Amino acid sequence: MSGALFRNVAAQLIRRNAAASDPFGKTGTVPSDVRRLQSRPYFRSKQTRIAPPSSSGFCSSSSSSSSSVGFVGWYLGMVKSRPVLTKGITSSLIYIAADLSSQTITKKKTSSESYDLVRTARMGAYGLLILGPVQHQWFGFMSRLFPKQDLITTFKKMAMGQTVYGPTIMVIFLSFNALLQGEGGSDILARLKRDLLPVMLNCVMYWPVCDFITFKFFPVHLQPLVSNSFSYVWSIYMTYMGNREKPAAISS
């Protein structure tokens, strides 16, 4: 009993001496019994590990959108790196689809006649070789001539389209298509006399609104694409007009 009491008194004296020698705790010494208490398991802080959030749901939900964004990004990159070729191929695909749609509409329901793929190839060649490159040059010229996109400038571009670009490209289309069908100069002139005026009247009714949206709201490198998007419906009509019978055959 006296031995235990002596040990307790000695421990208290040691603690008092340690506190007196280091009153502010600068040495960082910790009594052994405190260290023993801290070493026990129930004084240790528990560490929890948080698992990283699973990204499988995000990947599955965004896979379709990323693919579409990837295609759009690739297409815009091609428009900037190879503008003439990209716009020509785009115009060709639109004219091919429009011609197939035109043949589907004009075919009789009871007719077993197959599609005229040669005619479709002519329309695709026109889009690739003529319309795409011409549109690239025309919209670039308009952006240099009228660089602004305000309302007055937009109306100027529309007026130029209806008075210069529209009649010129219609004459080129009707003549090119007739030439690929083996028609001569007199046949082409007769076709222009018969078809050009109705085409121009319908052009005035259809294209001003499309031109306003194209010139007002889209940058110049995307204007041919927007114009081609509008031209799908118009191309259905044009492929029908361009492949009517020759005026000589009608008169006979």
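Since this is a predicted model, take the numbers as computed values, not measurements.
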Side chain to side chain donor-acceptor pair (under 3.5 Å) evaluation trace for S102 with D99: CA-CA 5 Å; S102 177; D99 182 69; 5.3 Å; no
Value rounded to 0.5 Å, distance of [atom1] in [X] from [atom2] in [Y]:
| X | Y | atom1 | atom2 | answer |
| --- | --- | --- | --- | --- |
| M238 | D195 | CE | CG | 8.5 Å |
| K216 | K157 | NZ | NZ | 9.5 Å |
| I236 | Q103 | CD1 | CD | 11.5 Å |
| M158 | M142 | CE | CE | 13.0 Å |
| L196 | L189 | CG | CG | 11.5 Å |
| L131 | S235 | CG | OG | 7.5 Å |

Shared ILVMFWY cluster between [X] and [Y], side chains joined below 4.5 angstrom?
| X | Y | result |
| --- | --- | --- |
| Y206 | V164 | yes |
| V171 | V204 | no |
| V233 | I96 | no |
| Y115 | M123 | no |
| F141 | Y165 | yes |

Working for side chain to side chain contact (heavy atoms under 4.5 Å, CB included), residues M160 and F146: CA-CA 11 Å; M160 291 286 290; F146 304 112; 4.1 Å; yes
Would you say [X] and [Y] make side-chain contact, with heavy atoms under 4.5 Å?
| X | Y | answer |
| --- | --- | --- |
| Y240 | I105 | no |
| L225 | V79 | no |
| K148 | T154 | no |
| M78 | L85 | no |
| M170 | C203 | yes |
| L151 | F155 | yes |

Check [X] against [Y] and note the closest heavy-atom contact, atom names and distance.
| X | Y | answer |
| --- | --- | --- |
| I130 | F176 | CD1-CD1, 3.3 Å |
| G242 | L174 | CA-CD2, 4.1 Å |
| S101 | Y232 | OG-OH, 2.6 Å |
| L192 | S175 | CD1-OG, 3.9 Å |
| S231 | I94 | OG-CG2, 4.0 Å |
| L128 | P133 | O-CD, 3.4 Å |

Distance flag, aromatic centroids of F215 and F139, threshold under 6.0 Å: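 Between F139 and F215, the centre distance is under 6.0 Å.
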Residue pair F230, V209: steps toward the side chain to side chain contact (heavy atoms under 4.5 Å, CB included) verdict: CA-CA 10 Å; F230 286 124; V209 176; over 6 Å; no
Side chains of [X] and [Y] only: does a donor on one sit below 3.5 Å from an acceptor on the other?
| X | Y | result |
| --- | --- | --- |
| Y95 | T120 | no |
| D211 | T214 | no |
| S92 | Y126 | no |
| T239 | R122 | no |

Please answer whether the main-chain N or O of [Y] pairs with a side-chain N or O of [X] as donor and acceptor at a distance below 3.5 Å.
| X | Y | value |
| --- | --- | --- |
| S143 | G140 | yes |
| T86 | R82 | yes |
| Q135 | Q223 | no |

Any residue meeting side chain to side chain donor-acceptor pair (under 3.5 Å) with E183, in chain and number order, not counting sequence neighbours: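 In terms of side chain to side chain donor-acceptor pair (under 3.5 Å), with neighbours along the sequence ignored, E183 is linked to R191.
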CA sep, side-chain torsions, deciding dist, call: V226, F217, side chain to side chain contact (heavy atoms under 4.5 Å, CB included): CA-CA 10 Å; V226 178; F217 300 108; over 6 Å; no
Evaluation steps, side chain to side chain contact (heavy atoms under 4.5 Å, CB included), between T168 and F173: CA-CA 9 Å; T168 303; F173 171 77; over 6 Å; no
